[in-house]
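Since the structure comes first, as structure tokens, the remarks are kept for the end.
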Amino acid sequence: MGVAWSDPLPGWAGPGCPPFWVGQVTESLFRGRRYLEALFRVGGPSASPSRSGRGEPVPRPQVPRLRAARLQAMLRACGASVGPQLLRAALGLGAWPGPGRAASGTRGQGWLQPAGHDTGVKVYNSLTRRKDPLIVGSADAASWYSCGPTVYDHAHLGHACSYVRFDIIRRILTRVFGCNIIMVMGITDVDDKIIKRASEMNVSPASLANLYEENFKQDMAALKVLPPTVYLRVTENIPHIISFIEGIIANGHAYSTAQGNVYFDLRSRGDRYGKLVGAVPSPATEPVDSDKRHPSDFALWKAAKPREVFWASPWGNGRPGWHIECSTISSLVFGSRLDIHSGGMDLAFPHHENEIAQCEAFHQCRQWGNYFLHSGHLHVKGKEEKMSKSLKNYITVKDFLKTFSPDVFRLFCMRSSYRSAVDYSDGTMLEAKHLLLAAAAFIEDARAYMKGQLVCGPVGEGLLWERLRHTREAVKAALADDFDTPAAVDAVMDLIHRGNGQLQARTKEPSGPRSPAVFGSIVSYIEHFFETVGISLADRQFVPGDGSQAALHSVVEELVRFRLKVRQFALASGKATGEAQRQQRLDRQPLLEACDALRQDLTAHGISIKDRSSTSTWELLGQDHRPGS
Ligand SMILES: Nc1ncnc2c1ncn2[C@@H]1O[C@H](COP(=O)(O)OP(=O)(O)OP(=O)(O)O)[C@@H](O)[C@H]1O
Ligand SMILES: [Zn+2]
């Protein structure tokens, strides 16, 4: 459809090619690389003659042989540097023989440690099943492809869990380890489930997909998940998908059939298939009239069925298979090198395994994605199955957020490794909420101490400084160890515990040294830690907004001051002694009760009053910290 295989794809446009949106998200280095790769692909290793769906032979691409000097000049113009491997390859000299390059698809073996910027993080790589140093192409532009949702219904907490966990990792990589990440997410807006649901609801698949895509984006925003750098919809990339399939056919790894289907030829990959999981798609469910050459081959293009949405293609009307969309979209932006690929663990096989096979067949490269990260599933407590739309055992994000805050969900996610399965229950969510409350309460007390409102005995200042230093190191080490967020949270909670231990209120004013600086440092570190992972403790602080909020603030201030006077009057013994004093207390008891009742009543409105030794302080509670939430 309009994109000839012998031309570089528009997405790989180089200097002089028509501008394309992709140029907005990648840098000149990538453009240079891609241009070179497009040229190399055209002149790459020979493709066996293949036949299109209509039986015409697919012409072998003509090979423009580039001279080394011309090639280098072109790359310099693109701002890229030429590696010997790339140069040899482009000149048709073949790859350098190097270590670990055995042509085996046996899982984990032959993984090539990429060159580039070492992030300082060790990450569990599903390709090797071990923790590898995370080395990205460039600290300024680490490439990350995330499989997006199939938009046919509301997002549930299982989806939320996967995307929030990866959002936390993305923030850690960016803010703790200084990596600028380009994240691309594909949106599956055409597939069997969408078509089925649209026909049940009597709407077009496109409107159904639009509706739930919007819903998904809103839910992610409500969960504070940062949007990817760019979303790409499958239906907006059909010409690219067709070109990509044509490339795989031309390289001898796919075939079209008389029925208008295109399949990936699994056997053509030999033992190079199966790098990730090491399994082969099960042929068990194959219908008898299948037009596949081999039962394990999987679809790249599906011929249109009656009354189904379709696009024209060289093989007739049809639509793309599922796996090809991610390979195409990722390659469209990042070319033949992808630093990080993520998704839930259910996607490892066959989806990611097939993505790898397609990309390596298309790019004719030894290794396309360098690190595959898989998140564990969210289960409903006590149930074997993952939370799933199809199993109807789900809680939607919207329903969840009626009861708990996004911060509570984030802390819940952080309390287990992103790779492990995790149980959802109200109990686990309440635990997360209480931890958050404990952190917020400590910050409030530490601030009160700094302001002189909370009066304490002498503080073990040296001990606290030492604890803070230790916590900083422990947190950084935990995050560098495959994003060990549970260990990081434990370290921070331990610091809070020790800080609280030093903030023991005294009723009598002690005269002694005060240590506001160490508490200031601890408060700012803890706030910074939570902010880094997208959790805000600041909504417990009053943030002046428009005039009406400021007025309300003053009213509460007056009210609390008035209550303090009444309370001090009720508690004061004055000159009375003995029986007179007892009677005075009895007489003033209703005033104390009224003060307590007011404090109690105001919590319902999100206002928390704390009576200190000689004063009272107040603050606004965040939405999620209010009674009943
Ligand atoms: N229960 C779950 N726990 C963790 N991640 C999940 C869960 N369910 C889906 N995901 C992840 O959410 C992302 C989007 O999934 P997708 O839209 O394909 O939904 P799905 O797997 O079809 O969901 P469902 O099974 O509910 O129909 C994928 O990365 C998937 O692995
Ligand atoms: Zn995918």
Side-chain angles (χ1 to χ4, degrees), residues 126 144-169 183-194 196-197 208-209 212-213 215-217 219-220 223 225 228 231-234 237 241 244 276 298 300 320-334 338 340-359 368-369 372-381 383-397 400 409 412-413 416-425:
S126 299
W144 181 334
Y145 180 80
S146 163
C147 290
T150 306
V151 280
Y152 72 101
D153 208 337
H154 291 286
H156 57 64
L157 285 187
H159 303 129
C161 187
S162 185
Y163 292 114
V164 168
R165 280 168 153 184
F166 284 123
D167 181 67
I168 291 167
I169 290 178
M183 182 182 267
V184 170
M185 184 181 286
I187 299 268
T188 305
D189 60 347
V190 60
D191 100 320
D192 291 342
K193 291 188 257 190
I194 295 174
K196 183 165 175 276
R197 183 112 204 267
L208 182 92
Y212 287 114
E213 180 186 324
N215 257 283
F216 172 80
K217 288 176 179 167
D219 287 345
M220 291 304 115
L223 289 166
V225 172
Y231 283 109
L232 277 99
R233 296 190 189 107
V234 173
N237 285 283
I241 293 174
F244 202 88
L276 190 60
F298 57 88
L300 303 184
W322 174 30
H323 319 299
I324 197 71
E325 62 189 53
C326 291
S327 292
T328 308
I329 288 171
S330 166
S331 299
L332 181 62
V333 181
F334 298 125
L338 176 67
I340 301 169
H341 193 309
S342 67
M345 62 181 286
D346 53 311
L347 299 188
F349 185 81
H351 185 53
H352 292 163
E353 194 78 85
N354 291 350
E355 278 186 46
I356 293 171
Q358 294 165 157
C359 282
W368 160 66
F372 276 77
L373 273 55
H374 290 115
S375 60
H377 282 153
L378 180 93
H379 298 252
V380 177
K381 196 171 172 104
K383 294 273 165 21
E384 273 297 298
E385 308 86 20
K386 70 162 190 159
M387 185 176 280
S388 157
K389 287 177 261 190
S390 19
L391 295 169
K392 301 209 181 339
N393 62 352
Y394 62 90
I395 300 166
T396 63
V397 171
F400 172 83
F409 189 72
F412 161 79
C413 289
S416 59
S417 153
Y418 73 94
R419 289 195 282 126
S420 62
V422 62
D423 277 343
Y424 172 86
S425 72

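Read the numbers this way: they start at 1 and go in the same order the structure lists the ligands and their atoms.
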Identify the protein heavy atom lying closest to [atom], giving its residue, its atom name and the separation to 0.1 Å.
atom	value
atom 30 (C) of ligand 1	Asp346 OD1, 3.7 Å
atom 11 (C) of ligand 1	Ser162 CB, 4.0 Å
atom 26 (O) of ligand 1	Lys389 N, 2.3 Å
atom 8 (N) of ligand 1	Lys386 NZ, 3.2 Å
atom 19 (O) of ligand 1	His159 NE2, 3.1 Å
atom 1 (N) of ligand 1	Met387 O, 2.7 Å
atom 2 (C) of ligand 1	Gly158 CA, 3.3 Å
atom 17 (O) of ligand 1	Thr150 N, 2.8 Å

Smallest separation among heavy atoms of [X] and [Y], with atom names:
X	Y	value
Pro149	Met185	CD-SD, 4.1 Å
His374	Gly344	CD2-O, 3.6 Å
His377	Asp346	NE2-OD1, 2.9 Å

Checklist entry - With a cut-off of 2.8 Å, does Cys326 place any N/O/S atom under that distance from the Zn ion (ligand 2)? => result yes
Checklist entry - Has His351 got an N, O or S atom lying less than 2.8 Å from the Zn ion (ligand 2)? => result yes
Taking only heavy atoms of [X] into account, list the atoms of ligand 1 that are under 4.0 Å away from them.
X	value
Tyr163	13 (C), 14 (C)
Lys193	22 (O), 27 (O)
Pro149	17 (O)
Gly376	4 (C)
Ser388	24 (P), 25 (O), 26 (O)
Tyr152	27 (O)
His156	8 (N), 26 (O)

[X] vs [Y] aromatic rings, parallel, tilted or perpendicular, using cut-offs 30° and 60°?
X	Y	answer
Phe409	Phe412	tilted
His351	His323	tilted
Tyr212	His154	perpendicular

Next on the checklist: Checking the N or O distance criterion of under 3.5 Å, is ligand 1 in contact with Gly343?
Outcome noted: no
Checklist entry - Are any of the N/O atoms in Ser375 less than 3.5 Å from those in ligand 1? => result no
Heavy atom under 4.0 Å from ligand 1: found in [X]'s side chain, backbone, both, or neither?
X	value
Cys161	neither
Leu347	side chain
His379	neither

Item to check | Heavy-atom side-chain proximity of Lys389 to Lys193 below 4.5 angstrom | outcome: no
Checklist entry - Does the side chain of Gln358 come within less than 4.5 Å of Trp368's, by heavy atoms? => result no
Next on the checklist: If I take atom CH2 from residue Trp144 and atom CD1 from residue Ile169, how far apart are they, to the nearest 0.5 angstrom?
Outcome noted: 5.5 Å
Next on the checklist: As a quick check of understanding, evaluate side-chain contact (heavy atoms from CB on, under 4.5 Å) for Cys161 and Tyr424, giving each step before the final call.
Outcome noted: CA-CA 10 Å; Cys161 187; Tyr424 172 86; over 6 Å; no
Checklist entry - Which atom, among the N/O/S set of Glu355, is closest to the Zn ion (ligand 2)? => result OE2
Please confirm whether the backbone N or O of [Y] pairs with a side-chain atom of [X], one donor and one acceptor, at under 3.5 Å?
X	Y	value
His379	Glu385	yes
Arg165	Ser417	yes
Ser126	Phe372	yes

